[in-house]
Amino acid sequence: MTVAQETPNLTFDCETGNYHTFCPISCVAWLYQKIEDSFFLVIGTKTCGYFLQNAMGVMIFAEPRYAMAELEESDISAQLNDYDELKRLCLQIKRDRNPSVIVFIGTCTTEIIKMDLEGFSPRLEEEIGIPIVVARANGLDYAFTQGEDTVLAAMANRCPSEPPAPTKEKEEDTAAATRFQKLLNLGLKKKEEAPPVATEQKEHHPLILFGSLPDPVAANLEHELKKQGVKVSGWLPTKLYTELPVVQEGYYVAGVNPFLSRTATTLMRRRKCKLVGAPFPIGPDGTRAWVEKICSVLDIEPQGLAEREAQIWESLEDYLQLIRGKSVFFMGDNLLEISLARFLIRCGMTVAEIGIPYMDKRYQKAELDFLARTCQEMGAPIPKIVEKPDNYNQIQRINALQPDLVITGMAHANPLEARGINTKWSVEFTFAQIHGFTNARDILELVTRPLRRNTNLKDLGWDKLVKEEAAV
Ligand code: SF4
């Protein structure tokens, strides 16, 4: 293992880890929607259940494909057999929902009582006839979005190494479908009429992208690459578990999110893939750098990216006027902070501090370099990166600095607002569509919303709602 080189110019700090964030089991909320034939079973206690029920809001009324296996006293004291209990639940899930995969989400409790989920899942898998993927997305080890990382890392091991041989039934189906289409002159004709792709696909090594994005966003990024002649061979995850991409030794893989370091490591070490170390496609600057890096690795000369980026910046001008010269403070809870800070510095903001739960300097190397370069080019002060921040200390620093905007969790948002400090709820960046050229507007819509709202309400004279002497 080589030691990652420290990025010059940036200062890193590490505090106590006493901060607010979502528990990583929250990843089931977006992953069950992305992987349509999956079922997530969170094996935990009522604490986990309460969290999911509250954090997911109205989603819980939509018959979600996730459930809690609630551990009871007798499970914890080992009076019941874990294996039999889980088998009973899995059979019930199979009967009611018939998913293509069941994902076991391990929690703090399963860690502490050392429930051997990985150990017995192969036998269980065989007995019930449904693949079982085990992810330890617990609050002891991880923060919020890292939950997705644990699930995808487990799934990376399940990607086939060979394309499935077409079964006879499938071949017959396709042949029948083609005959039918010919008869009606429908599908095939459409194909003939489809406009030719602007750039022809170039011959290059297969490329797999990893990270769960809403379908339109994933299609958009794929389209940006296609314009450069880059073909995306597959995504991890896919819409269906049964269609996980083929991953072979020597394939290139590129991440779309900064919190996927375990998935990247698994793909590199276990599946022998080559990681494209690029900044992440967040903001027009990040998207351009991401596409450029992929092109350079695949030996392709990118075309028209500078113009594309300039055009997007131009379209953002109305938002940029609102934030230029303003300062922002990231308390840190979802690992998107470095990429967002880099984009906001490019927008003309200054960033005093970037809190972040966990900093993988190897996986985020290109993004960190890009951040340092952006500060240099914009003449902005270099922000301090605080890993495992201490929220109490951060509040003292916020009080001293009085930044124009604090990006933070709900625990601190209202108390800070009451003290006259603008805040933006950080979790929204996780669920909003922020990737690619066209979504840069959405990021700025989120960032400027509290500023616009508070400017509109300024004349009411209610900007401070706590007694002056109240200590922050
Ligand atoms: S932190 Fe642990 S106990 Fe709390 S909800 Fe998450 S997994 Fe459950």
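One-based numbering, in listed order, for ligands and for the atoms of each. The structure displayed is predicted, hence computed values, not measured ones.
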Asks: Within 45 degrees of the axis of the six-membered ring of Phe12 and under 6.0 Å from its centre: does Lys361 put its NZ or CZ there?
Replies: yes
Asks: Would Arg271 pass as a cation-pi partner of Tyr251, given that its NZ or CZ must be under 6.0 Å from the six-membered ring centre and within 45 degrees of the axis?
Replies: no
Asks: Can an N, O or S atom be found in Cys23 less than 2.8 Å away from atom 2 (Fe) of ligand 1?
Replies: no
Asks: Closer than 4.0 angstrom, basic N to acidic O: yes or no for Arg453 and Glu417?
Replies: yes
Asks: Flag the pair Trp30 / Phe431 as yes when their ring centroid distance falls below 6.0 Å, and as no otherwise.
Replies: yes
Asks: May I ask you to check if any N/O/S atom from Cys48 comes under 2.8 Å of atom 8 (Fe) of ligand 1?
Replies: yes
Asks: Identify the protein heavy atom lying closest to atom 4 (Fe) of ligand 1, giving its residue, its atom name and the separation to 0.1 Å.
Replies: Thr47 CG2, 4.1 Å
Asks: Measuring centre to centre across the rings, with the benzene-like ring taken for any Trp, is Phe40 within less than 6.0 Å of Tyr66?
Replies: no
Asks: Number the atoms of ligand 1 from 1 as they appear, then name those within less than 4.0 Å of a heavy atom of Thr107, with their elements.
Replies: 7 (S)
Asks: Distance to 0.1 Å, residue and atom name: give those for the protein heavy atom nearest to atom 2 (Fe) of ligand 1.
Replies: Cys108 SG, 2.2 Å
